[in-house]
Amino acid sequence: MLDKTFEAAAIEPRIAAAWDEAGAFRAGAGAEPGADPFTIVIPPPNVTGSLHMGHALNNTLQDILVRLMRMRGRDVLWQPGTDHAGIATQMVVERQLAERQQHRRDLGRERFVAKVWEWKAESGGTIVNQLKRLGASCDWSRERFTMDEGLSRAVLKVFVRLYREGLIYKDKRLVNWDPKLLTAISDLEVVQEEVKGHLWHFRYPLEGVAFDPSDPSTYIVVATTRPETMLGDTAVAVHPEDERYAALVGRRVRLPLVGRMIPIVADAYSDPEKGSGAVKITPAHDFNDFEVGKRHNLPQINIFDVEAHVVLKGNEAFLEGLEAAEDLAETVALMHGRDRFAVRKLVVQRMEEGGFLEKIEPHVHAVPHGDRGGVPIEPYLTDQWYVNAAELAKPAITSVREGRTVFVPKTWEKTYFEWMENIQPWCISRQLWWGHQIPAWYGPDGKAFVAESEEEAAAEARAHYGESVGLSRDEDVLDTWFSSALWPFSTLGWPEETAELKRYYPTSVLITGFDIIFFWVARMMMMGLHFMGTEPFRDVYIHALVRDEKGAKMSKTKGNVIDPLDLIEDYGADALRFTLAAMAAQGRDIKLATSRVAGYRNFSTKLWNAVRFAEMNGCVRVAGFDPSSATETLNRWILTEVARAVGEVTEALDAYRFNDAAGAAYRFVWGTFCDWYLELSKPVLTGEDGPAKDETRATAAHVIDEILKLLHPFMPFITEELWARTGEAGPSRETLLALTRWPTPGATAPDAAAEINWLVEAISEIRSVRAEMGIAPATQLPMVLVGADAATRGWLDTHAAAIQRLARVSEASAAEAAPPQSAQIVTARGTIALPLAGVVDLAAERARLAKEAEKLDGEIARIEKKLDNPQFVARAPEEVVEEERTKRDGYAERLAKVREALGRLA
RNA sequence: GGGCGGUUAGCUCAGUUGGUAGAGCGCCUGCUUUACACGCAGGAUGUCGGGGGUUCGAGUCCCUCACCGCCCACCA
C-alpha cells in the first residue's frame with residue numbers, strides 16, 4: 001500500500017541510484033536495433049559552479065527531450081562534462097591562497113596549477129552531483145572535462161592547424177586589459193556599466209602665443225572623462241568641417257603638465273556636437289584614438305603598467321622629445337607609480353592650479369568593466385594571439401541562412417547574423433596559468449614555432465636556425481571558450497576517428513540560453529564546420545533567462561537568488577522540473593514564483609494518490625490486456641482521452657513547446673482522469689464482481705501506465721517510483737520506466753466520448769445550479785430528464801448511479817413534462833428538471849432563469865447582428881457563417897425552453 | 001545611436017494559421033463525498049497599455065505613441 005504522500009526528498013535519490021546501477025543512461029541504452037542516433041551535448045557548467053536556476057531550466061529541457069527520445073527507442077547520447085573555466089577557477093584558488101596571505105607567484109606556475117587540479121579533484125564534482133539530483137539522464141560514464149587529456153589534444157591540434165592556415169596569428173594592438181586580473185579579455189567579456197562621472201574641460205595652450213586663461217584665443221578646449229590619460233596625449237582632433245576650429249588645424253598645442261608639443265589634426269572621428277568639439281587623442285589608451293593615431297601617424301605613448309599604475313620615470317616613449325621643464329619634473333614626481341584613479345585626481349587638481357581647467361560637468365556614461373574582475377578595463381597595447389573570426393564566420397553564417405542549422409525560436413537568428421557579420425578578431429590569449437598553454441615556442445630572436453609538442457617545435461627551430469637553440473614556451477593560456485568551441489566533437493574523441501564520433505556527430509539539438517549565443521554557439525558553429533565539415537547541431541533551441549518574481553536578473557549581490565536545490569529539497573526535483581517546463585514558453589523570460597512550484601508539487605501528490613486509489617481498488621495490470629477490446633463506455637471514453645493526450649504531448653514536444661506539453665499532460669491527468677474517470681468508475685469498482693469490473697480495473701491500470709510514461713520526461717522520479725510500485729502486483733515490469741517505449745495514440749471512440757461528455761455536462765450543470773440555489777450538499781433532489789431522445793434516455797439509465805452520487809440526486813428518471821416548481825437546466829440533449837418545491841425559494845429560481853434568458857438573448861442579438869451584415873454573409877467562409885447560424889438556432893431553442901420554464905413558475 | 005522583446009484576471013504567466021479570452025497561485029461560498037485539505041464542489045474578477053488602420057470580423061496582422069526590459073555599439 002502506498003503512503004499518503006510522495007516523500008520526494010527521501011525517494012528521489014534512491015531512484016537516481018537505481019538508474020545509475022542499471023546503466024539506464026549509457027549511450028544507446030534501450031535503443032531499438034538500427035535506431036537513429038539522438039545526441040545532445042550538455043553546455044558544460046564551470047567546475048567551480050553550483051547549480052543555479054539557469055542550469056536547472058537548461059538541463060530540465062534537455063532531459064525532457066533526451067528521455068523522450070530514449071523512450072522512443074532512439075540511440076541516445078547525452079554527453080556530459082564540465083568546463084575548466086579559466087579565470088573563474090583560477091580566481092577561486094587564488095582566493096584560497098590569499099586567505100593564507102599567499103600569492104600564486106609565491107608558488108610558481110607548476111605548483112599553482114597542481115593546486116588547481118587538487119581543488120578540482122576535491123570540489124569539481126559538486127555541480128555534477130547536483131545535476132544528478134535534478135534527474136539529468138546524461139551518460140555519466142562518458143563525462144569529460146575541457147582540460148582532460150583527450151580534449152587538450154584536440155585543442156593543440158586545432159590551434160596548430162589554424163595557425164598553419166593563417167587563421168591564428170599574433171598581433172600587437174589594443175586589447176581589453178583587466179588591470180585586476182592582469183590579463184587580456186575578449187570583447188565579449190567586457191560589460192558596459194553606467195557610471196555617474198564627470199566631463200572635464202581642459203585648456204590646451206596654443207603654440208606661439210602666451211597662455212591666458214581669460215583669453216580663449218590662446219588655447220583650445222578639449223573635454224574628457226579620463227583626465228589621467230592626458231599624460232599620453234599625442235594630438236587634438238577637430239572635425240574637418242568644423243568652422244570654429246578650421247584655422248587651428250595644423251597648429252600645435254603644448255600639453256600642460258607634460259610640455260609635449262602635439263598637433264591639432266582634422267579627423268572625422270571628432271564630433272562637433274560632443275564636448276567642446278575638439279577631442280584629445282591618446283592612441284595607446286583608447287580604441288578610437290588608436291585608429292585616429294594610425295591615420296595621422298601619431299606616436300603611441302603607453303603611460304600605464306599592467307596594473308594601470310602610471311609609469312613616467314624611465315618611460316622612453318613618454319619622455320621622448322620632452323624638455324626638462326619644471327612642470328614635467330613635478331608631474332613625474334607626483335604621479336609616477338600611482339594608480340590611475342589617484343592620478344585622475346592629481347591631474348585635475350594640477351590642471352586647475354595652472355588655470356587649465358575650464359569647467360567640470362556631471363556626465364553619465366558607460367564604462368567598460370571586466371565581467372569577472374569587476375574593475376574598469378583598460379585599452380592596452382600588447383602582443384596577443386588572435387583568431388581570424390571573420391573568415392571562420394562565413395560558412396557559419398551560410399549554414400544558418402540556408403537552414404542547415406535552425407534556431408528555435410527563429411528570432412535569434414537575427415541576433416546571430418548581426419554579430420557574425422560584424423565579428424571582430426577574437427583575442428584568444430590570456431595571461432593566466434590555468435588553462436591550455438599556447439603551443440608556441442620562441443627562439444632567441446623571438447621567432448615563434450607553433451607545434452603540437454616541444455620536440456616538434458625544436459625540430460622546426462633546428463631547421464630554421466641550422467642548429468639546436470634554446471626555446472622558451474609562450475606563457476599564456478587560451479581563452480576558455482576556445483576549448484568549449486570544440487565541445488561537440490572533442491568530447492566524442494576527435495582528433496581520433498572514434499566510433500562515437502562517427503555515430504553521434506553532428507548532434508541533434510543544442511539547448512542553451514541566449515546569453516551565450518556569441519560566446520559559445522557561434523564559435524561551435526565556426527569550429528565544427530571548419531574541422532568536421534558539418535554543422536555541429538541541427539537545431540539550436542534558445543531558452544529564456546530565469547528571473548526572480550519581480551523580473552530582476554537573479555544575482556548574489558541583489559540577494560534575490562532562488563536556489564534550485566532549496567526548491568528541490570522543499571518540493572522535490574519533479575515539481576521543480578515540471579514548473580520549469582510548464583513555464584518554458586518560447587521567447588520569454590521566466591519569472592519564477594515559488595507558489596508555482598508548490599502547485600506542481602500538489603500535482604505530483606495528486607498523481608500519487610490517484611495511483612494509490614487504483615491500488616486500493618485492485619486495479620492491477622493484466623498481461624496481454626488489449627485496450628481496443630474494451631467494451632465499457634467509460635473505459636472506451638478514457639482510452640479516447642488518453643489517445644488525445646498522448647497526441648498532444650508528443651506533438652508539443654516535437655515542436656519544442658515544452659509548456660504546451662506539460663499543460664496537456666497536467667489537464668489530462670488531473671482534469672480528466674482524476675476528476676472524472678476515477679470518480680465515475682467508483683460505482684463499478686466498488687460494485688459486484690464481473691466482466692465490467694475486471695475491464696475497468698485493467699483499463700485503469702493501463703491508463704495509469706500510459707500516464708506514467710507520458711509524465712516521465714517531466715517527472716522522472718515519481719513516475720519511476722510508481723512504475724516500480726505498480727509493478728509489484730500483476731505481471732512484473734520488463735524494464736525501468738526510463739527504458740520503456742513512449743506511447744502512441746490508440747484508437748478513439750467518438751460515440752463513447754459523446755455519451756460521457758453528456759454525462760459530465762449534466763453532472764456539472766446540476767452541481768452548478770444547486771450551488772447557485774444554495775441547496776445544502778446533504779439535500780438530495782430527484783432529477784427528471786425532459787424531452788430527451790431515446791439514446792439520451794438510455795444514457796440516463798446507464799449512468800443513473802453516477803449522477804446520483806456525483807450530483808447528489810435521489811433518483812434519476814425521464815418524463816414527458818417537467819414536474820411543477822422545478823429548476824430547469826436546458827441542454828442540447830434535453831432539459832434537466834430539479835423539483836424544488838419546499839426546498840428552495842422559487843423566486844430565486846425565477847431570477848436565475850431570467851438571468852439565463854437575458855444572457856441567451858444577448859448572445860442571439862450579437863450573432864444576429866453579425867448575420868444581418870451582408871458583408872459578413874458574403875465574405876466570411878461558408879462554414880463560419882453556417883457555424884454562426886447553428887449557434888444562433890441552438891441558443892434560440894434553449895431560450896424558448898427557458899422562457900417556457902419561466903412561464904410555468906410564474 | 002542600432003536591434004530585439006514585453007505590456008492579457010489581484011499576482012505569475014498561456015493564448016500555433018485572425019472568428020470577442022485561459023491556467024496556476026491568491027480571493028469568496030460551501031464540503032470529514034470509498035485516493036488526495038498538497039483535497040472536493042461551486043463562484044467572482046479582464047474596455048487583452050493608448051490611438052489609428054487593414055478586415056465581414058483583431059489579444060492575434062500593419063502603423064503610431066507611451067512605459068518597462070534585454071542585447072550590441074559608445075569612457076569627449
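Just so it is clear: chains get the letters A, B, ... in the order the sequence lines come, proteins before strands, and each one is counted from 1.
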*Out of C40(B), C70(B), A76(B), which has the shortest distance to the side chain of Asp675(A)?*
C40(B)

*Arg888(A) atom CZ, over 12 foreign heavy atoms within 6.0 Å*: yes

*Considering only side-chain heavy atoms of Gln192(A), which listed nucleotide, C40(B), C74(B), A76(B), is closest?*
C74(B)

*Base, sugar-phosphate, or nothing: which does Thr415(A) touch, judged by heavy atoms less than 4.0 Å apart?*
nothing

*Quick one: which of C75(B), U34(B), G19(B) gets closest to the side chain of Lys682(A)?*
U34(B)

*asked:* I want to confirm an ordering. Mapping Leu188(A) and Ser276(A) to their closest nucleotides on RNA chain B, which one lands closer to the 5' end?
replied: Leu188(A)

*Is Tyr666(A) touching bases, backbone alone, or none of the nucleic acid, heavy atoms closer than 4.0 Å?*
sugar-phosphate

*Should A9(B) form a Watson-Crick or G-U wobble pair with both distances under 3.5 Å, which nucleotide is its partner?*
none

*Look at the side chain of Asn602(A) and decide which nucleotide, out of C38(B), G5(B), A35(B), has an atom nearest to it.*
C38(B)

*Of the nucleotides G42(B), G15(B), C74(B), which one has an atom closest to the side chain of Asn288(A)?*
C74(B)

*From the options A41(B), U34(B), C72(B), select the nucleotide whose nearest atom is closest to the side chain of Phe518(A).*
C72(B)

_Side chain of Met583(A) - closest among U12(B), A35(B), G43(B)_ = U12(B)

*Does any donor-acceptor pair link the side chain of Arg601(A) with the base of C38(B) at a separation under 3.5 Å?*
yes

*Heavy-atom donor-acceptor pair, Glu361(A) side-chain to A76(B) base, under 3.5 Å*: no

*To the side chain of Leu678(A), which of U16(B), C75(B), A35(B) is closest?*
A35(B)

*asked:* Strictly below 4.0 Å: does Ser595(A) bring a side-chain N or O up to OP1 or OP2 of G26(B)?
replied: no

*Can you find a side chain N or O atom of Lys606(A) that sits less than 4.0 Å from OP1 or OP2 on C40(B)?*
yes

*From A35(B), A76(B), G39(B), pick the nucleotide closest to the side chain of Trp670(A)?*
G39(B)

_Nearest to the Phe613(A) side chain among A35(B), C75(B), U33(B), which nucleotide is it?_
A35(B)

*Using only heavy-atom distances, determine whether the side chains of Glu189(A) and Ser186(A) contain a donor-acceptor pair under 3.5 Å.*
yes

*Counting any heavy atom closer than 4.0 Å, what does Arg226(A) reach on the DNA or RNA strands: base, sugar-phosphate only, or nothing?*
base

*Looking at every strand, decide which applies to Phe202(A) at a 4.0 Å heavy-atom threshold: base, sugar-phosphate, or nothing.*
nothing

*asked:* Between Ser270(A) and Gly599(A), which residue's closest nucleotide on RNA chain B lies nearer the 5′ terminus?
replied: Gly599(A)

*State the pairing partner of C36(B); accept Watson-Crick or G-U wobble contacts with both distances under 3.5 Å, and report none otherwise.*
none

*Can a side chain N or O of His363(A) be found less than 4.0 Å away from OP1 or OP2 on A76(B)?*
yes

